[in-house]
Amino acid sequence: MILITGGAGYIGSHINKLLNQNGYETLVLDNLSKGHKDSVKWGEFVDCDLGDEEALNDVFNTYDIEGVMHFAAFSSVAESMEEPEKYFKNNFENTLTLLKVMKEHRVYKIIFSSTAAVYGIPEELPITENTLLKPINPYGESKLMVENRLSDEAEFTPLKYVSLRYFNAAGADFDCEIGENHNPESHLIPLVLDAALGRRKSISIFGDDYETRDGTCVRDYIHVNDLAEAHLKAYQYLEQDGSVSDIFNLGNGTGFSVKEVIDVCKEVTGVDFEVKIEGRREGDPDFLIADADKAWRILKWTPKYDLNEIVESAWAWHQKLHGKK
């Protein structure tokens, strides 16, 4: 059985579905502070906080857990700047508790949900796994602290891990069973789709004077189902004899500007809406584009879906979620 921490959240729920489709038993652990119970449609569910060591020990005593996929974390860059202690406590300290309990129960396989935020403002493009790590916010720093701890554990214990550094996860399950539902929402595509549904009066672009092809920031978007496939392949990799702990970028290797994303959303939805230009946000680099060649070479993973398919799936889910379809 695979334990999925934070499995009631956006990315964790999609991976839970794929694992079950591939014959794995899953146990979703979530305190529902950010996740949604109705997203846990596969496997078993336990309401538990990773900071509660006693409760976590009970989970490991009750279930036959063979490996862990770890998604339980706060992920808002802006919030991390305002409440850094909250992020170091939840993202780092609670992961230490998880690793301690895993070790006590001789569970030695973990897939870690990391982030491109560990790179900060990159000095080279595309970003490889060897690009200098310089997080510029507590969210990215908390994830890097976990990566460093995993490296230490793997050196001195039987632990094997894969750390997956996501770029911009987007899109939704093509069956519309689950999808993106953050509260508050901070991701570009669902915010733009809110404008298309009339749930927002307009969408804001923060800065149109970057050194990019149209002046707006360029980001690497990857479908959440492609991310799920990478987690499955990463876990299967750890199950192989002779596998070693490793780190992989997950992205399309293709960047789209904020304006381009908005234009695709208008095309897919058939709705025009107001777009406002606001001032730049501090810390936004011009480009963030992944080199995911290592994942292709070692995990045999490559993303399948382009930006149009990402937006189409998100639009179908968004309409269902808000009762418009």
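The first residue in the sequence is number 1, and the count goes up from there.
Although no hydrogens or angles enter the test, the distance criterion places no donor-acceptor pair under 3.5 Å between the side chain of N16 and the main chain of G12. A donor-acceptor pair under 3.5 Å links the side-chain atoms of W317 to the main chain of E180, judged by distance alone. Although no hydrogens or angles enter the test, the distance criterion places a donor-acceptor pair under 3.5 Å between the side chain of E129 and the main chain of N249. S245 places a side-chain N or O within donor-acceptor distance of the main-chain N or O of Y161, the cut-off being under 3.5 Å. Distance alone, capped at 3.5 Å, is enough to place a donor-acceptor pair between the K320 side chain and the C176 backbone. Although no hydrogens or angles enter the test, the distance criterion places no donor-acceptor pair under 3.5 Å between the side chain of E141 and the main chain of N137. Distance alone, capped at 3.5 Å, places no donor-acceptor pair between the H187 side chain and the I189 backbone. Checking side-chain atoms of T128 against main-chain N and O of N130 turns up a donor-acceptor pair under 3.5 Å. Although no hydrogens or angles enter the test, the distance criterion places no donor-acceptor pair under 3.5 Å between the side chain of W301 and the main chain of L250. Between the side chain of E260 and the main chain of I262, no donor-acceptor pair closer than 3.5 Å is present.
If you chain together ILVMFWY residues whose side-chain heavy atoms come under 4.5 Å of each other, I178 ends up grouped with W42.
Within a 6.0 Å sphere centred on NZ of K86, heavy atoms belonging to other residues, nucleotides or ligands number more than 12. The environment of E177 atom CD is dense: over 12 non-hydrogen atoms of other residues, nucleotides or ligands sit within 6.0 angstrom. For E278, the CD atom sits in a packed shell: over 12 heavy atoms of surrounding residues, nucleotides or ligands are nearer than 6.0 Å. A 6.0 Å sphere centred on CZ of R106 holds no more than 12 heavy atoms belonging to other residues, nucleotides or ligands. Atom CD of E274 sits in a crowded spot, with more than 12 heavy atoms from other residues, nucleotides or ligands closer than 6.0 Å.
Between Y235 and H231, the ring center distance fails the sub-6.0 Å criterion. Checked against a 6.0 Å centroid threshold, the rings of Y305 and Y221 do not count as neighbours.
Using a cutoff of 4.0 Å between basic side-chain nitrogens and carboxylate oxygens, E309 and K304 are not scored as salt-bridged. By the 4.0 Å N-to-carboxylate-O rule, K259 lies too far from D263 to be salt-bridged with it. Look at D30 and K37 and you find no salt bridge, because none of the NZ, NE, NH1 or NH2 atoms lies under 4.0 Å from a carboxylate O. Salt bridge absent: D194 and R200 never bring a charged side-chain N and a carboxylate O closer than 4.0 Å.
For the 3.5 Å distance criterion, the side chains of D286 and T212 fail to qualify, holding no donor opposite an acceptor.
Residues V59 and M102 are members of one and the same hydrophobic cluster, defined by side-chain heavy-atom contacts under 4.5 angstrom among Ile, Leu, Val, Met, Phe, Trp and Tyr. Cluster annotation: L133 and L164 are assigned to distinct hydrophobic clusters (Ile/Leu/Val/Met/Phe/Trp/Tyr, side-chain heavy-atom contacts under 4.5 Å, transitive). Tracing side-chain contacts under 4.5 Å through hydrophobic residues (I, L, V, M, F, W, Y), one never reaches I247 starting from I111; they form parts of separate clusters. Placement of M81 and I121 in two distinct hydrophobic clusters is found when ILVMFWY residues are connected by side-chain heavy-atom separations under 4.5 Å, directly or transitively.
The nearest pair of heavy atoms linking A234 to L299 is CA-CD2, 4.0 Å. Shortest non-hydrogen contact noted between F112 and E147 is CE2-CG, 4.0 Å. L193 and H318 make their closest contact through CB-CD2, 3.6 Å (heavy atoms, listed as atom of the first residue, atom of the second, distance). Nearest heavy-atom pair, S313 versus G171, reported as atom, atom and distance to 0.1 Å: OG-CA, 3.5 Å. For the residue pair V271 and A196, the shortest heavy atom distance occurs at CG1-O, 3.5 Å.
The only option from K17, H14, K41 that meets the side-chain hydrogen bond (donor to acceptor under 3.5 Å, both in side chains) definition with D173 turns out to be K17. A side chain to side chain contact (heavy atoms under 4.5 Å, CB included) with E53 holds for exactly one of N57, L50, L56; it is N57. Screening V218, I127, D220 for a side chain to side chain contact (heavy atoms under 4.5 Å, CB included) with L288, the sole residue that qualifies is I127.
Rounding to the nearest 0.5 Å places NZ of K100 at 10.5 Å from CG of L96. The structure places CG of L99 at 5.5 Å from CD1 of I110, a figure rounded to the nearest 0.5 Å. Here the OH atom belonging to Y139 is positioned 9.0 Å from the OG atom belonging to S80, to the nearest 0.5 angstrom. A distance of 8.5 Å separates CG in L29 from CG in D49, rounded to the nearest 0.5 Å. The NZ atom of K160 lies 11.5 Å from the CG atom of D246; values are rounded to the nearest 0.5 Å. With rounding to the nearest 0.5 Å, the separation of OG1 in T216 from CZ in F256 is 12.5 Å.
Relative to the six-membered ring of Y119, K134 misses at least one condition, a distance below 6.0 Å or an angle of at most 45° to the axis.
Side-chain contact between M1 and E44 is present, with heavy atoms from C-beta onward closer than 4.5 Å. Looking at R165 and K143, their side chains never come closer than 4.5 Å, going by heavy atoms from C-beta outward. A heavy-atom distance below 4.5 Å is found between the side chains of D52 and E54. Within the 4.5 Å cutoff, the side chain of I2 has heavy atoms near those of the L19 side chain. The closest side-chain heavy-atom distance from H105 to V101 is below 4.5 Å. Side-chain contact between S163 and F248 is absent, with no heavy-atom pair separated by less than 4.5 Å. Proximity of I222 to L227: side-chain heavy atoms (C-beta onward) are separated by under 4.5 Å at one or more points. Inter-residue side-chain proximity for D306 and I310 is flagged as unmet; no heavy-atom pair is nearer than 4.5 Å.
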Would you list the atom pairs, donor with acceptor, under 3.5 Å between side chains in residues 63-76 and any protein atom, with sequence neighbours excluded?
{"residue": "H70", "atom": "ND1", "partner": "T5", "partner atom": "OG1", "Å": "2.6"}
{"residue": "H70", "atom": "NE2", "partner": "T95", "partner atom": "OG1", "Å": "2.9"}
{"residue": "S76", "atom": "OG", "partner": "E79", "partner atom": "N", "Å": "3.1"}

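Evaluation of the side chain to side chain contact (heavy atoms under 4.5 Å, CB included) rule for R280 yields D209, Y210 as partners, not counting sequence neighbours.
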Exercise for the section: Assess whether salt bridge (charged side-chain N to carboxylate O under 4.0 Å, His left out) is satisfied between E85 and K89, documenting all intermediate values. Expected result: CA-CA 6 Å; E85 297 85 0; K89 165 65 178 171; over 6 Å; no
